[in-house]
Trainee: 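Submitted below is the structure of interest, expressed as structure tokens.
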Amino acid sequence: MSTNRFQALSELNYRQPQEPEAPKKRVSEYFGDNVFAYFKMREYLTDDAFEKLMDCIQNGSRIDRQTADHVAAAMKEWSIQKGATHYTHWFQPLTGSTAEKHDSFFKPIGDGRAIEKFDGSMLVQQEPDASSFPSGGIRNTFEARGYTLWDPSSPAFIVGNTLCIPTIFISYTSHALDYKMPLMKALHAVDQAATAVCQYFDKEVVKVNTSLGWEQEYFLIDSALYNVRHDIAMTGRALFGARPAKGQQLEDHYFGSIPERVLAYMQDFEYEAHLLGIPVTTRHNEVAPNQFELAPMFEEANLANDHNQLVMDVLEKTARKHNFRVLLHEKPFEGINGSGKHNNWSLSTNTGVNLLKPGKNPKSNMQFLTFLVNTIAAIYENADVLRASIASVGNDHRLGANEAPPAIMSVFLGEQLSAMLDDLEKNIKAGKMTPEDKTVLKLNIGKLPQVFLDNTDRNRTSPFAFTGNKFEFRAVGSSANCANAMIVLNTIVANRLHQFKKDVDARIEKGDDKDEAILKELQRLIKMSKAIRFEGNGYSDDWVKEAAKRGLSNMKDTPSALKVWKQKKVQEMFDRLNVLTPEEVHARYEIEVENYIRRREIEARVTVDIAMNHILPSALSYQSRLVENVLGLKDVLGAAEAKAATKTQVDLIKEISGNVNAMKSAIDKINLERNKLSKLDVEKQAEGYSLKVKPLMDEIRDNADALEMIVDDENWPLPKMREILFTR
Ligand code: ADP
Ligand code: MG
């Protein structure tokens, strides 16, 4: 492993694209090979056990012990046949990554022999020694027990030689300690609320599913360079580095041809993903150099989210094989684009209708408008909660940083739809509607699909955009668990739909007919939520001013964004919909604030370390050389003549001193500030890290980056941005 910049750079000369391991077969021949999909279960299970399992998955019925035993035996047989020796409950604790604790199938039976054992009780529940996962005070240490419980709705899979069983993670007191449990509850909440509303239009609808199609952006850098950039290795982002002359200004990377070494990596990675049944279909370069994107076909949200968690893992593991490291941080490099994870979201019925796709006739379009308008209204009512769902230390660098969606939540609809809503708003009159009024309105609504079936009208600057048959939530961070955003989005939409049902029913009770009641309620919501709709350039300063005028909030950092979780009305909403109890909300709030502090603390310490121990010594040693040169010239030329001859050197010496002093003074201030903060409560600490420590880190960086432009290249210890971003 390389220990300095030049050694690392020389390793790059020997890099060759690795021969991909992916077999030259059709994907359909091995897709899902490592997944115990339902159609495979059918082979292994009795009809009765299979039916009970399906009933559990589709209708949430309980699984009895006997069925669990059957399923466990089937899983064991299938996975051992495929070479598995271990099993693990796979879960998503609030650390943000996934966790697993492998146990062996093999069990000694006492007479010198051993058997492979895996039964229903081992499948259904485990008790990992979980006291070191974040719990936000929910689990007192004296009962530091957490349980993982099997989620039958997400199929088991094999990684390496381990059978992985997707599970939820809860405390002894049944509080959620993970992302999966509240996600499943939020999906259930929106299912119930949306199904009830669908009943106005179609009595056949008994279930509404949420679909999620994520797009994952990431950076790749060579592992040799990664290893000598401690900042990137420890914090996921470059804390130092002068901007390279060439960044993304030529726009030559986006959709350019994929470098060979990267392509080999992608092929391997896709192979692994396909074995796991993850329907990855899209790959391309992104806007910034060394930035890429992949996207699968959308799936049911719980499964899609598991798949995204897995993908992040596979991306990292495969990268190492190809001498790359993958950076999932939201903003690894200042001055070029950051990475997001667009969450494409929609609702669809058991009858196969996408509720966010315009229909063919007035009735189906009424249904479409109902879900569209209620979604917009939900965002309007709970923009701050949605903002909080994407708050993280990494995303703070991305949101509002001129090429990412702003921290202001708004909804983009496109010209035609906006016009349609404006029309509805104006043309529904108070009081009883005449039959002619209704006919005209219905005709207009009926025209909808033709207008924008192939509407490619896109606004890339909007955080929440309607894209023809779904909404795309673009503000989600690239390293985030999508569940955080999906829990909030589905909960606030469920909340809105419940209210809609109540309000429409009330209008019907007062004598309106159904269509009239729905139209009037939609009109009211369109008026109410108008401020959240924005069609213009979300990256512009004008929008920031305009949004302030409209009363929309613009919470620029995580500590202020997270505060919404303390609001009683927010906690009550999550409680009412049975997604999170007030204790759980509070625990999550605490964990996220803590996480913010810890991450910034690490960044601050690494900043100080690199500035003091790497950059300052290099700058001073270069300065000494300049001093020697000046003294030498004086000796040779004499003071009078040397004055002119040493001008540049003397200027540089002074410049270096200026930057070094400024850097050192910011370092002293950071140390002092951190010391002060450590005595405050967590909320104040988080604020301090955002408002005081972060600006000091920037100051250190500015001076260090200035030094990088002065100091002899041979003397510079850290791989430079141009080396990191343009070597393959
Ligand atoms: P872009 O990069 O232009 O935003 P892509 O075509 O890369 O668009 O991504 C679109 C994403 O939207 C894909 O992941 C796709 O699976 C997903 N998607 C398409 N239809 C739906 C839907 N009904 N619900 C959820 N996601 C969807
Ligand atoms: Mg997208």
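Keep in mind that the numbers below use all heavy atoms, side chains included, and drop hydrogens, waters and symmetry copies. In each ligand, atom 1 is the first atom listed, and ligand 1 is the first ligand listed. Predicted model, so just to flag it, every value in this text is computed and none were measured. Nothing fancy with the numbering, it's 1 onward along the sequence.
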Trainee: For Lys470, which part has a heavy atom under 4.0 Å from ligand 1: side chain, backbone, both, or neither?
Mentor: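 Only the side chain of Lys470 comes within reach of ligand 1.
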Trainee: What about the rings of Tyr30 and Tyr271, do their centers lie closer together than 6.0 Å?
Mentor: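 Between Tyr271 and Tyr30, which both carry aromatic rings, the centre distance is below 6.0 Å.
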Trainee: With atoms numbered from 1 as shown, which atoms in ligand 1 lie under 4.0 angstrom from a non-hydrogen atom of Glu472?
Mentor: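 Every atom of ligand 1 under 4.0 Å from some heavy atom of Glu472: 4 (O).
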Trainee: Is it the side chain (CB and beyond), the backbone, both or neither of Glu215 that lies under 4.0 Å from ligand 1, heavy atoms counted?
Mentor: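 Near ligand 1, Glu215 shows its side chain, while the N, CA, C and O stay back.
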Trainee: Could you check if a side-chain atom of Ile390 sits within less than 4.5 angstrom of a side-chain atom of Asn484, using non-hydrogen atoms only?
Mentor: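 The answer is no, as the side chains (C-beta and beyond) never meet within the 4.5 Å cut-off.
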Trainee: Under a 4.5 Å cut-off applied to non-hydrogen side-chain atoms, are Leu327 and Ile232 in contact?
Mentor: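 Yes; the side chains approach each other to less than 4.5 Å.
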Trainee: Mind checking whether Arg460 has a heavy atom under 4.0 Å from ligand 1?
Mentor: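 Arg460: in contact with ligand 1 (<4.0 Å).
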Trainee: Considering only heavy atoms, which of Trp345, Phe471, Phe298, Trp214 lies nearest to atom 18 (N) of ligand 1?
Mentor: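 Nearest option to atom 18 (N) of ligand 1, by heavy atoms: Phe298.
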Trainee: When you check the gap from the basic side-chain N to the acidic O, do Asp306 and Lys180 get nearer than 4.0 Å?
Mentor: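 Result for this pair is yes, salt bridge flagged.
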Trainee: Centre of Phe324's six-membered ring, under 6.0 Å away, within 45 degrees of the axis: is that where NZ or CZ of Arg261 sits?
Mentor: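 Relative to the ring axis of Phe324, which defines the angle, Arg261 lies inside both limits.
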Trainee: Looking only at distances, please establish whether an N/O atom of ligand 1 is found under 3.5 Å from an N/O atom of His342.
Mentor: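 Such a contact does not occur with ligand 1.
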Trainee: Consider only side-chain N and O atoms of Asn490 and Trp345, and report whether a donor and an acceptor are under 3.5 Å apart.
Mentor: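 On atom types as modelled, these side chains qualify, holding a pair under 3.5 Å.
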Trainee: What atoms in ligand 1 come closer than 4.0 Å to a heavy atom of Met297?
Mentor: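 Counting from 1, the qualifying ligand atoms are 16 (O).
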Trainee: Take every heavy atom of Pro296, measure it against each atom of ligand 1, and state whether any distance is under 4.0 Å.
Mentor: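 The answer is yes, since Pro296 has a heavy atom less than 4.0 Å from ligand 1.
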Trainee: Less than 4.0 angstrom from a charged side-chain N to a carboxylate O is my criterion; do Asp268 and Lys321 meet it?
Mentor: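 No salt bridge links Asp268 with Lys321.
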Trainee: Could you tell me whether some N/O pair between Thr282 and ligand 1 is separated by less than 3.5 angstrom?
Mentor: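 No, since none of the N or O atoms of Thr282 sits under 3.5 Å from an N or O of ligand 1.
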Trainee: Suppose I only count heavy atoms of Asn354 and a 4.0 Å limit; which atoms of ligand 1 are within that range?
Mentor: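 Answer for ligand 1: 23 (N).
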